[in-house]
Asks: 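Below you will find the structure I want to go over with you.
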Amino acid sequence: MEKKRNLYLSNTPIEEARQIFLSEVQKIMSPRYECIPVAEALNRVTKSAVYAKYNSPGYSTAAMDGAAVLAEETLGASEIHPLRLPAGHFDHINTGNILPPSRDAVIMAEDIIEPEDGSIQISAPAVPWQNVRQIGENIVSGEMILPSRHTIRSIDIGMLLEAGIEKIDVVQKPRAAILPTGSEIAEPGTELKPGEIIDSNSRMFENMVTEVGGIPHRCPATEDDPNLIRHAILNAVDSHDVVLINAGTSKGTKDFTVDVLRELGKVLVHGVAVKPGKPVILAIVRGKPVIGLPGYSVSAYIGFINFVTPLLEYLGSRISTQLEKVSAVISRRLISSLKYEEYVRVKVGLVDDRIVATPLTRGAGAAMSLVRSDGFLVIPQSSEGIEAGEEVTVQLYRPLHELKNTAVIIGSHDLILDVMNDMMGASYQNLYLSSTHVGSMGGLMSLKRREAHIAPTHLLDESSGIYNIPIIKKMFHEPMILVKGVERIQGLMVPKGNPLHIEKIPDIIGKKYINRQRGAGTRVLLDYKLKELGISADEIDGYDREANTHTAVAVAVQSGNADVGMGVLSAANAMDLDFIEVGVEEYDFAIPKRYLEIPVIKAFLEILKSEEFHRKLDEMGGYGYSKSGTIIEINETD
């Protein structure tokens, strides 16, 4: 069959061509899903958010070799007056061993002298939960392990299994057929005849498909015969999600691809405004996308990254990543030992044209910080640490373009931040949330230092009884906005059945309490209530015992490591605890007004107002959202 000269090669702008193609594909195809064992899930993409079934560790364990003791029995020990603990008042224990129920601290072996009478001698008192890994220190039952559309890494698999997840719903890998065409094509390793060329492009495509998360299938080379090309395309379309045709896409006398595709389906674009790589064909055949790529290797590569890569990313719910190093400003001082080279996990974001790195938990047992981190920095062995504001080099787990589209959230913790993060990933392509929990005051300080875009806060002004606005007016001298978040119920979390009959705040006196960290709005609320009742913090056993999140407080109560703690109703519900309401508070978001036009901030505000978000709040319980997304302007005249 002799081919008529093709006169339809166009010069469509590349962005327009991609939009035309992907819009058409999205009308006829969506990502598909399957359930697979977690152990086989490396590099797969989650269908939906995954939540922990178990606490990790599931019991309190020793973090050091030494002796398990009851801290109150060690009071008074000093180097001048060492304290002797007789047998029966301590237990020898190794790292990882279960802490006996009658003990609440571990003294390191190197700090113990052991006479031959079976006793031990110590020269410093222990404090409760010293050198102890508490229940749920790494993972709390019910907390989100991974959000939807997350590419699963090796560390994620470890955490999923540790959290009791054995199977997981993931996006199916798109299957791509690769059809090399051309009578001159020869297989690698064969002796070339005059006019023949090695088929290298199809092997390149195989690996590029794999890199983007697809499953490649290279078909045998097809000669320049329209009937053979037609048959090969139809076979490939019937058994694959995507078909890639290499060569025969231009307007030469033996370029049959576009005519065959017009005959079999719909050609959306033939020719794009890029050099090299113009003769690209974008078509739909029998409800499947077909892409014709030029024969020259460079042109083929450019066509692939511009059209095949985004197509496979869409079908695989995947965004390709590329690790890189960046210079960043560290948000707080890091002290390190001269004895070690230390790897510090960090959250990273772009704030006011500065890349800011915020350190996460540094403990060896805090493996979830690897899941949550955006990268790491290395403190050299010869360094004592890094000062706040110092420039550091960060090795990124995420590509830099993601950081530029990330809203950096630092401040008070609430479970709704995980929900919003999940919704952002599912609803807004290439927009992200990054949250770090340091308490309301810590978040506002980060905002003031230009280390964050958003500070979640619920600070009550004692003199006026107003939440958040007075402290923002006092701290900031630039136009600010307060975005109303949720009304949430704060109260006392106690074990199911309330065995100690705690009904009000005075009842926590004499009980084992667990508090939030300094600067947390929940702690400010407790202090306000204690002051109202004339109760001194010294009367609260455990007032100085701190947890960084509501879920950490809840799991301490659930496990019996504490009798009571204050937190939000949603955390109590998640841990199946009883709850005594203390009051309704306002959990809002402080944002400098200059950030309002940033796309990710706009998306954040849209989520707050959305019906889907409100439905999720109803499912969690303990939240009101009548004012969610309302903007209050502050310091407008400054």
Side-chain angles (χ1 to χ4, degrees), residues 6-33 45 47 149 171-179 181 205 208-209 212-217 219 226 229-230 232-251 255-274 277-294 299-320 426-431:
N6 174 23
L7 302 177
Y8 298 99
L9 189 66
S10 61
N11 197 39
T12 308
I14 195 164
E15 288 291 340
E16 180 183 339
R18 184 161 47 235
Q19 181 62 35
I20 291 171
F21 183 54
L22 292 180
S23 294
E24 193 69 23
V25 171
Q26 289 166 5
K27 294 176 185 176
I28 58 176
M29 298 184 73
S30 298
R32 296 180 301 189
Y33 308 99
V45 177
K47 173 187 177 184
R149 295 190 66 199
V171 182
Q172 282 189 3
K173 291 185 175 184
R175 296 162 300 163
I178 300 167
L179 303 180
T181 68
F205 294 153
M208 292 178 78
V209 168
V212 188
I215 300 174
H217 172 225
C219 303
I229 293 173
R230 182 184 302 107
I233 291 174
L234 290 176
N235 282 343
V237 163
D238 287 342
S239 54
H240 296 82
D241 303 305
V242 176
V243 177
L244 311 180
I245 306 171
N246 188 215
T249 63
S250 190
K251 52 184 180 180
D255 290 336
F256 300 109
T257 301
V258 72
D259 286 341
V260 171
L261 289 175
R262 285 199 179 101
E263 179 186 327
L264 297 177
K266 180 180 181 181
V267 173
L268 303 172
V269 174
H270 182 207
V272 293
V274 60
K278 179 176 180 177
V280 167
I281 305 171
L282 306 175
I284 303 293
V285 175
R286 293 186 177 179
K288 302 287 181 66
V290 179
I291 301 178
L293 297 169
S299 298
Y301 178 84
I302 292 173
F304 190 104
I305 62 175
N306 279 307
F307 298 103
V308 182
T309 294
L311 171 63
L312 294 179
E313 287 172 351
Y314 164 69
L315 294 176
S317 294
R318 180 185 296 271
I319 297 174
S320 58
S427 303
Y428 298 89
Q429 190 172 12
N430 297 326
L431 296 180

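Residues take their numbers from the sequence shown, with the count starting at 1.
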Asks: Would you please name every residue forming a side-chain contact (heavy atoms from CB on, under 4.5 Å) with Pro216, sequence neighbours left out?
Replies: Ile178, Glu206, Val209, Thr210

Asks: What is the minimum heavy-atom distance between Pro174 and Leu315, and which atoms define it?
Replies: CB-CB, 4.0 Å

Asks: Do you know which of Lys288, Arg286, Arg175 makes salt bridge (Lys or Arg N to Asp or Glu O under 4.0 Å) with Asp241?
Replies: Arg175

Asks: Tell me the closest heavy-atom pair linking Ala300 and Pro294, and the distance in Å.
Replies: CB-O, 3.3 Å

Asks: Test of understanding: with side-chain contact (heavy atoms from CB on, under 4.5 Å), list the residues that count as partners of Glu24, not counting sequence neighbours.
Replies: Lys27, Lys266, Leu268, Ile284

Asks: When you look at Arg318 and Val171, which way does the side chain to side chain contact (heavy atoms under 4.5 Å, CB included) test go after all the steps?
Replies: CA-CA 9 Å; Arg318 180 185 296 271; Val171 182; over 6 Å; no

Asks: Taking salt bridge (charged side-chain N to carboxylate O under 4.0 Å, His left out) as the definition, give me every residue that meets it alongside Arg18, ordered by chain and number, with sequence neighbours left out.
Replies: Glu15

Asks: Gln26: what forms a side-chain contact (heavy atoms from CB on, under 4.5 Å) with it, not counting sequence neighbours?
Replies: Leu22, Tyr314

Asks: For Gly303 versus Leu293, what's the shortest heavy-atom pair and its separation?
Replies: C-CD2, 3.7 Å

Asks: Please assess Ile245 against Ile281 for the test side chain to side chain contact (heavy atoms under 4.5 Å, CB included), listing each intermediate value before the final yes or no.
Replies: CA-CA 9 Å; Ile245 306 171; Ile281 305 171; over 6 Å; no

Asks: Of all the heavy-atom pairs spanning Cys219 and Ala177, show the shortest one and how long it is.
Replies: SG-CB, 4.4 Å

Asks: Hey, are the side chains of Leu244 and Phe304 touching, using non-hydrogen atoms and a 4.5 Å cut-off?
Replies: yes

Asks: Is Ile233 close to Leu264 at the side-chain level, that is, under 4.5 Å between some pair of heavy atoms?
Replies: yes

Asks: Sequence neighbours excluded, which residues qualify as side-chain contact (heavy atoms from CB on, under 4.5 Å) partners of Glu16?
Replies: Thr12, Pro13, Ile20

Asks: Does some side-chain heavy atom of Val272 sit less than 4.5 Å from a side-chain heavy atom of Phe307?
Replies: yes

Asks: Give the intermediate values and the outcome of side chain to side chain contact (heavy atoms under 4.5 Å, CB included) for residues Val269 and Val280.
Replies: CA-CA 8 Å; Val269 174; Val280 167; over 6 Å; no

Asks: Does Asn246 use its side chain to pair, donor to acceptor, with the backbone of Leu179 at less than 3.5 Å?
Replies: no

Asks: Can you sort out the partners of Glu263 under salt bridge (charged side-chain N to carboxylate O under 4.0 Å, His left out), two or more places apart, ordered by chain and number?
Replies: Arg230

Asks: Can you confirm whether Phe21 sits close enough to Leu311 that some side-chain heavy atom of one is under 4.5 Å from a side-chain heavy atom of the other?
Replies: yes

Asks: If you round to the nearest 0.5 Å, how far is CE of Met208 from CG of Leu312?
Replies: 10.0 Å

Asks: Do Leu282 and Ile291 have side chains that approach each other closer than 4.5 Å (heavy atoms only, starting at C-beta)?
Replies: yes

Asks: List the atom of Pro289, the atom of Met29, and the distance in Å for their closest heavy-atom pair.
Replies: CD-SD, 3.2 Å

Asks: Step by step, work out the side chain to side chain contact (heavy atoms under 4.5 Å, CB included) result for Val308 and Phe205.
Replies: CA-CA 10 Å; Val308 182; Phe205 294 153; over 6 Å; no

